[in-house]
Amino acid sequence: MRRNTIVTIIVVAALAYVFYMIPRLADEQKQVKQYDHYSEFHDDFLAGHIEEVMVVNGQEAEGTFKPTAPGGYDRFVVSVPPDEELVDKLMATAREHDLDVKIGSRPMRMTDRILATAATYLLPLVLIIAFWLFMVRQMNSQRGQALNFGRSQARMVGDHWERVTFDDVAGMVEVKEELQEVVIFLKQPERFRQLGAKIPRGMLLVGPPGCGKTLLARAVAGEAGVAFFYMSGSDFVEMFVGVGASRVRDLFEQAKSHLPAIVFIDELDAVGRLRGAGLGGGHDEREQTLNALLVEMDGFDPNDDVILLAATNRPDILDPALLRPGRFDRQIVVPMPDVKERREILDIYVRDKHVAEDVDLQTLARRSVGFSGADIENMVNEAALLAGREDKQIIEREDFDEAMERLIAGPERKSRVISEEERRVLAYHEAGHALVGQMLSDFDPIYKVTILPRGMSLGYTINLPEDDRYITSRTEMLNRMTQALGGRAAEELVLGEIHTGAQQDLEIVSRIARAMVTEYGMSDELGPITYGRKTGPVFLGKDLAEERNYSEAVAETIDAEVREIVDRCHERARAMLVDHREELDVLVDKLLEHETLDRADVEALIAHGKMAAELEAEEQPGEDEEDADREAADRAAATAVEPERGERGPILPGMPEAQTP
């Protein structure tokens, strides 16, 4: 650092000197006349424009002009012919023409000799040496990079890293038990070795994105107290054959030098993909890297004290040789959190934030069904940002509500202008969803209905389940399709026209109906048979390809069954809207007036035709009368005759029960 500072100071000083000297040299160059030919100088000499001439070393002459000389120059320089009698000839010419000129000669000064020699010989030599040193340094640098090209890119967790423990990981009790076993083995190996047990050499964490696989690895690093190396699967992959395999070998060499050690590879699917599935054959760089990894994990030279921990959300594409016992002995599934775990995750992420007292974390945990740990962290952070945007001192309940809606549907688009006609279409569409969903039994309750644009949608109806569900019945799937078709049915019934707003609803309905027929065996006509075989990532929810294993006749039957299921759900939704047409109009009027309705408002409007706030205001006087009657009864009971000792009188509200001696 000190050397770089000195070099920087020298460079800055040199640049400052250059910029300071350039204007001065330019000015001096303008005041000095450089004669191209000696004859031109001789003409000015005869014309009497020269005041002083000094012949330097017999090679050039320099001097000054008279103030009356034309051209505005002060000095001059001219190369003279090699003549030892030049000074005498100039003096004779001056006497002959009666010129007032000082003429003389002098040898070249020592400083001029040094500068001339340096400019002629030393400067080119210095430039050549500097260029040679620069090239040698570059070659050494490239040689070092070439030697380090095959070195591992793994980083070792040190004291400067923020320590994470299992206490910082909410929920996932079974997963933490599996990983804590590794930590205990590294700290107390004799506890297991005396029983002849061996620690698993590899543990693979699999699960959907955002569920906490990397966080668990950081917790293992914080709890183990041993050397912990981590890197990504993409760090092994290079365009040069052999580099990835070299890095794998170097990674395990580093781990062996710090025994016992844990190696964590994130996104293992980048290097552990099934061999032979792509182009390149056995000379493919990725396959060479995988072969080296297989050998290091369980080859001829075992590494019992090096434990490999890896994470991926694509276990379906990993090579079987990588997943066999002896390499990855355990595959630990990291699931999405349930309601209890979501509450614990919320407790962790709000403990360093100022949250209002009216924020019910248990309610947030129930409403955030399907949220991963990363989603919950993002929701809490988004709520804090929204509160800071409004310059609040604490995070309030409406901030969490807005943050959750942002994650579900996107940010609200307040700047979009929608005509009254389109607002009416949107109102009937969303009211149809809300009314049908409310009329369905054993269905997720309505959370919010709005015609305000948010994200990619112009309006939306949100249903939130009250508990976690891991299986879905046929009735639930039919109910979901019926509600999805409620918006289109409302448009047909009231407006007599259909619009493009139901596109996403139709996609959902078509997907569910086809899955019921081809995947879940819920068709009476086709029976409990799965048609087609889909391949795709397990935890990413996308199908990459489908293998068709049925005939054209069966395909026609599948299409007919799908159409029949959709038609039944559509007629069911239309019948509900016809039977509750008045409630539909009430919902539309209130949506156009308030633009957003919550669950309490929807239930109150369907049952009583009024908003929840209006019903609460009407019921308030009745509650006051009941309170007055209750207070009168309490006063009457207080003035009653006290029972005799030994008898058990009536127990007054709020009074402790009498004890028998």
Side-chain angles (χ1 to χ4, degrees), residues 335-340 342-343 360 362-371 404-405 408-409 429-450 460-490 493 502 504-524 528 541 561-562 564-584 586-587 597-609 612:
M336 299 290 283
D338 56 19
V339 61
K340 179 182 178 182
R342 292 195 299 271
R343 171 58 193 272
D360 188 359
Q362 186 64 31
T363 302
L364 287 176
R366 287 199 306 267
R367 286 166 47 189
S368 57
V369 176
F371 279 33
M404 181 175 294
E405 289 192 41
I408 295 175
H429 185 94
E430 301 303 333
H433 285 311
L435 181 58
V436 173
Q438 193 67 25
M439 292 295 103
L440 292 171
S441 59
D442 297 332
F443 192 65
D444 299 334
I446 301 296
Y447 168 67
K448 177 173 287 189
V449 186
T450 181
Y460 57 92
T461 301
I462 299 179
N463 297 74
L464 287 182
E466 295 181 338
D467 54 2
D468 295 300
R469 299 177 184 176
Y470 303 100
I471 57 176
T472 305
S473 65
R474 185 174 186 271
T475 301
E476 291 174 347
M477 300 177 78
L478 293 174
N479 288 341
R480 187 168 301 173
M481 289 189 292
T482 302
Q483 190 208 21
L485 293 170
R488 180 186 175 95
L493 177 64
Q504 187 177 6
D505 300 330
L506 298 180
E507 291 178 358
I508 295 174
V509 169
S510 301
R511 185 173 65 250
I512 295 176
R514 188 164 294 275
M516 291 176 63
V517 175
T518 61
E519 297 181 29
Y520 306 128
M522 295 182 178
S523 170
D524 297 334
E561 284 292 301
V562 171
E564 183 181 354
I565 293 174
V566 174
D567 288 343
R568 283 204 309 266
C569 293
H570 181 264
E571 291 299 326
R572 184 185 179 193
R574 185 182 178 87
M576 289 182 178
L577 295 176
V578 171
D579 295 339
H580 300 85
R581 174 60 190 276
E582 295 182 1
E583 291 86 343
L584 178 64
V586 171
L587 285 175
L597 302 176
D598 58 13
R599 177 180 178 179
D601 292 330
V602 172
E603 293 177 350
L605 288 172
I606 294 176
H608 306 284

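Please read all numbers here as calculations on a predicted model, not as lab measurements.
- Counting non-hydrogen atoms of neighbouring residues, nucleotides and ligands closer than 6.0 angstrom, the CD atom of Q362 exceeds 12 such neighbours.
- A pairwise comparison of heavy atoms in R572 and L440 identifies NH2-CD2, 3.4 Å as the closest pair.
- Under a cut-off of 6.0 angstrom, the local environment of CZ in R480 is sparse, with at most 12 non-hydrogen atoms contributed by other residues, nucleotides or ligands.
- A distance of 11.5 Å separates OG of S510 from CD1 of I565, quoted to the nearest 0.5 Å.
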- request: Take L478 and M516, measure what side chain to side chain contact (heavy atoms under 4.5 Å, CB included) needs, and give me the verdict at the end.
  value: CA-CA 10 Å; L478 293 174; M516 291 176 63; 3.9 Å; yes
- request: Quick one: do Y520 and R474 satisfy side chain to side chain contact (heavy atoms under 4.5 Å, CB included)? Show the steps, please.
  value: CA-CA 9 Å; Y520 306 128; R474 185 174 186 271; over 6 Å; no
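- The salt bridge (charged side-chain N to carboxylate O under 4.0 Å, His left out) analysis of residues 505-516, with sequence neighbours excluded, yields the pairs R514-D559.
- Between the R599 side chain and the P445 main chain, no donor and acceptor come within less than 3.5 Å of each other.
- Closest approach of R488 and A502 over heavy atoms only: CB-CB, 4.2 Å.
- The NE2 atom of H433 sits 13.5 Å away from the OH atom of Y460 when rounded to the nearest 0.5 Å.
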- prompt: Hey, mind stepping through H580 and L587 against side chain to side chain contact (heavy atoms under 4.5 Å, CB included) and telling me if it holds?
  reply: CA-CA 11 Å; H580 300 85; L587 285 175; over 6 Å; no
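- Residues V566 and L485 have side chains in contact (heavy-atom distance under 4.5 Å, counting atoms from C-beta outward).
- Of all heavy-atom pairs spanning S441 and N479, the tightest one is O-ND2, 3.4 Å.
- Closest approach of L577 to G486, counting heavy atoms only: CD1-O, 3.6 Å.
- Two residues are said to be in side-chain contact when any heavy atoms from C-beta on lie closer than 4.5 Å; N463 and I446 meet this criterion.
- Residue E583 holds its CD atom at 13.0 Å from CE of M576, rounded to the nearest 0.5 Å.
- Looking only at side-chain heavy atoms (C-beta outward), L435 and I606 come within less than 4.5 Å of each other.
- A heavy-atom distance below 4.5 Å is found between the side chains of V369 and R342.
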task: In sequence, state the C-alpha distance, the side-chain angles, and the governing distance for F443 and V436, and then conclude on side chain to side chain contact (heavy atoms under 4.5 Å, CB included).
output: CA-CA 10 Å; F443 192 65; V436 173; over 6 Å; no
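- Note that CG of L364 and CZ of F371 are 10.0 Å apart. Values are rounded to the nearest 0.5 Å.
- Between E564 and R568 there is a salt bridge, since a side-chain N of the basic residue sits under 4.0 Å from a carboxylate O of the acidic one.
- Residue pairs meeting the salt bridge (charged side-chain N to carboxylate O under 4.0 Å, His left out) criterion with at least one partner in residues 434-445, sequence neighbours excluded, are D444-R469.
- Here CZ of R367 is found 9.5 Å from CD1 of I462. Values are rounded to the nearest 0.5 Å.
- The CD1 atom of I512 lies 9.0 Å from the OG1 atom of T472; values are rounded to the nearest 0.5 Å.
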